[in-house]
Amino acid sequence: MKDRKAVRIPAPAGRSRFAGDAPVVAVVGGGIAGLAAATLLAERGARVVLCERESYLGGRVGGWRTRLADGSDVTMTRGFHAFFRQYYNLRALLGRVDPGGRALTPMPDYPLWHARGDRDSFAGMPTTAPWNVLAFLRRSPTFRWRDLPEMNPEAALKLLDVSVPGIYDEIDGIDAAGYLERVRFPEAAHALAFEVFSRSFFAHPRDMSAAELAVMFHIYFLGSNEGLLFDVAADPFPHGLWDPLGQRLTDLGADVRTGVDVRSVRRGGARRFTVTTGDGAIDADAVVLAADVGGLRGIVRSSPGLGDADWRARVAGLRTAPPFLVSRYWLDTPVDRPGFIGTSGFDLLDNVSVLDGYEHEARAWAARTGGSVVELHGYAITSDVDEHEARRRLWDQLTEVYPETKRATVVDERHEWRADCPLFPAGGYGDRPTVSTPDDFLVLAGDLVRIDLPVALMERAATTGFTAANRLLGQWGVAGTDLWTVPLEGRVPLLRAAARRRRSA
């Protein structure tokens with residue numbers, strides 16, 4: 001954390017930990033949000049019972065073992081994840097088991113490739129606005145100085161004056177595609193940079209709130225000086241991240257249960273709540289619901305006594321993004337390419353990872369066999385494309401992006417077709433459920449949850465997880481943990497002032 005303008009959100013004050021008969025807290029969901037909440041609560045002495053329906057921890061960043069056709073035992077995951085340097089709260093969570101930061105390794109660049117041949121790079125650029133913008137304009141083939149007079153300055157300047165939650169009041173009702181049309185970005189820049197960014201939310205810009213896109217641009221480019229480069233996991237996610245966190249929870253006295261599906265939560269019983277699972281019931285003084293969209297809706301639907309009508313309607317109204325596909329191929333020939341590229345204009349293909357370029361397990365397999373491990377992502381796949389067709393089209397585009405793969409033989413392959421990421425449509429921010437609920441001892445966490453801070457993706461999950469734990473600890477008079485975030489508004493006062501003058505003119 002090198003940004004001197006990073007913002008600290010102080011923790012609730014109180015005694016350092018529980019003494020005597022500590023409360024029982026059921027945490028539903030073992031993804032990033034659930035692990036963050038469970039870790040903080042267990043550190044403060046609460047008796048935590050964490051239930052995860054999968055056989056592994058980590059949620060959408062989890063992983064599991066599989067055996068390849070050549071007999072190799074490897075780890076499969078749901079795809080590439082970038083650990084940006086702005087992810088302060090996620091890194092604080094990981095720091096519990098990796099204080100030296102060795103579980104993550106830096107990527108040298110964030111290259112963006114367009115099918116027309118345009119290439120953008122963020123390596124070696126200044127990381128602070130406005131110098132990063134000027135450097136990008138100077139060297140980017142997609143942003144050209146002669147295009148600037150055609151842009152709409154009022155709409156464009158809004159990106160320099162992002163504040164949370166104010167930006168949602170201004171442009172949440174507009175979809176990201178409509179907003180980009182208002183800005184009149186050059187076509188190549190629109191397709192290459194902004195569409196790549198928006199699809200990181202697993203949605204096409206027309207299905208996503210313009211405010212979410214603006215906040216994302218603030219987090220990664222204009223509002224923070226941490227830059228757009230990122231780190232990746234040096235080992236498969238379970239090995240270096242989630243298994244150690246699960247062991248830490250066990251060492252703290254938590255009861256970590258995987259393969260346990262939570263069916264419902266009702267008020268009453270031996271304690272404040274009874275959490276019904278597939279193999280019994282848990283009596284709890286408080287509950288953290290850190291499930292994904294489908295899991296949360298299902299639990300609330302099966303728990304008619306929870307919350308009030310308005311809160312239940314907010315949960316029921318949550319939507320998921322369109323399906324996405326992760327295809328991983330173990331190839332018999334090397335692919336000497338960057339560890340990661342984002343792509344635009346290559347049909348369904350949104351990015352390509354060469355895992356043996358950075359991940360130890362994949363590198364060992366490649367060294368042993370002389371091959372390579374390549375992963376393809378296709379986001380926001382339309383309803384007229386099924387999984388089989390999507391697989392074929394992703395592979396076809398790989399051979400266009402990296403022609404040497406046409407000669408490769410596939411040793412084995414794995415595919416993950418999912419549709420469980422939250423969707424943030426235009427006009428949806430006000431109806432999104434927050435960490436707090438109508439019951440002080442029932443809280444929500446996860447990247448689907450509204451929190452009035454500039455956070456996104458994995459960092460939103462970690463931040464809401466810690467916030468949920470802080471809310472409960474505050475009820476019991478126990479100290480929580482400080483949170484950190486990128487600046488809450490545009491970091492250049494002169495540019496903010498120019499944006500506001502333009503709006504008021």
Side-chain angles (χ1 to χ4, degrees), residues 9 25-38 51 53 59-60 89 164-165 167-169 172-173 201-203 207-209 211-212 215 262-267 272-273 275 284 286-321 419-472 474-475 483 485:
I9 295 93
V25 183
V27 178
V28 181
I32 291 173
L35 287 169
C51 297
R53 70 185 175 196
R60 297 199 300 275
N89 301 314
V164 177
I167 192 68
Y168 291 95
D169 296 331
D172 186 54
F201 279 98
F202 300 89
D207 298 321
M208 175 183 169
S209 160
E212 289 292 341
V215 169
V262 170
R263 307 285 177 78
S264 65
V265 179
R266 66 175 177 84
R267 290 193 180 96
R272 186 175 281 107
F273 297 100
V275 178
V287 176
V288 180
L289 293 178
D292 62 15
V293 170
L296 178 62
R297 286 189 312 209
I299 291 169
V300 172
R301 188 168 55 246
S302 300
S303 309
L306 283 189
D308 56 24
D310 176 68
W311 179 78
R312 295 176 65 83
R314 289 171 184 256
V315 172
L318 289 169
R319 296 169 57 190
T320 54
D420 53 4
C421 296
L423 180 68
F424 305 120
Y429 188 75
D431 293 328
R432 205 183 307 167
T434 62
V435 170
S436 297
T437 77
D439 189 315
D440 288 339
F441 293 93
L442 174 74
V443 289
L444 302 185
D447 62 346
L448 58 86
V449 174
R450 168 182 166 176
I451 186 167
D452 292 342
L453 294 172
V455 290
L457 304 171
M458 292 191 290
E459 179 69 350
R460 182 178 286 159
T463 303
T464 56
F466 281 135
T467 300
N470 277 347
R471 296 281 169 86
L472 294 179
Q475 297 290 329
L483 300 175
T485 181

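Residue numbers start at 1 and run along the sequence shown. Everything quoted here is computed from the prediction, not taken from an experiment.
In this structure T464 satisfies the side-chain hydrogen bond (donor to acceptor under 3.5 Å, both in side chains) test with no other residue, sequence neighbours excluded. With sequence neighbours excluded, the residues that form a side chain to side chain contact (heavy atoms under 4.5 Å, CB included) with A426 are D175.
Applying the ring pair (Phe, Tyr, Trp, His ring centres under 6.0 Å) rule to pairs touching residues 430-467 yields F441-W476, sequence neighbours excluded. Listed by first then second residue, pairs satisfying side chain to side chain donor-acceptor pair (under 3.5 Å) with a partner in residues 292-308 read R53-D292, not counting sequence neighbours. Listed by first and then second residue, the salt bridge (charged side-chain N to carboxylate O under 4.0 Å, His left out) pairs that reach into residues 441-457 are R60-D447, R450-D452, sequence neighbours excluded. Applying the salt bridge (charged side-chain N to carboxylate O under 4.0 Å, His left out) definition to pairs two or more places apart or across chains, those involving residues 428-437 are E212-R432.
Residue R319 qualifies as open at atom CZ: its count of foreign heavy atoms under 6.0 Å is 12 or below.
With rounding to the nearest 0.5 angstrom, the OG1 atom of T467 is 4.5 Å from the CG atom of L483. To the nearest 0.5 Å, atom CD1 of residue I32 and atom CZ of residue R460 are 13.0 Å apart. In this structure, CG on L453 lies 7.0 Å from OG1 on T463, to the nearest 0.5 angstrom.
Side-chain contact between L289 and L442: present, with at least one pair of heavy atoms (C-beta onward) separated by less than 4.5 Å. Looking at F424 and V215, their side chains never come closer than 4.5 Å, going by heavy atoms from C-beta outward. The side-chain heavy atoms of N89 and E459, taken from C-beta on, include a pair separated by under 4.5 Å. Counting only heavy atoms from C-beta outward, the side chains of R267 and F273 approach each other to under 4.5 Å.
Listed here is the closest heavy atom pair of A36 and A462: CB-O, 3.8 Å. Taking all atoms of both residues into account, the shortest heavy-atom contact from V455 to T485 is CG1-OG1, 4.2 Å. Closest of all the heavy-atom pairs between A37 and A469 is O-CB, 3.8 Å. Minimum interatomic distance between A203 and L423 (heavy atoms only, all atoms of both residues): CB-CD1, 3.7 Å. Counting all heavy atoms, side chain and backbone alike, L306 lies closest to V265 at CG-O, 3.5 Å. Considering every non-hydrogen atom in both R312 and V300, the closest pair reads NH2-O, 2.8 Å.
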Steps toward side chain to side chain contact (heavy atoms under 4.5 Å, CB included) verdict (L318, L448)
CA-CA 8 Å; L318 289 169; L448 58 86; 4.0 Å; yes
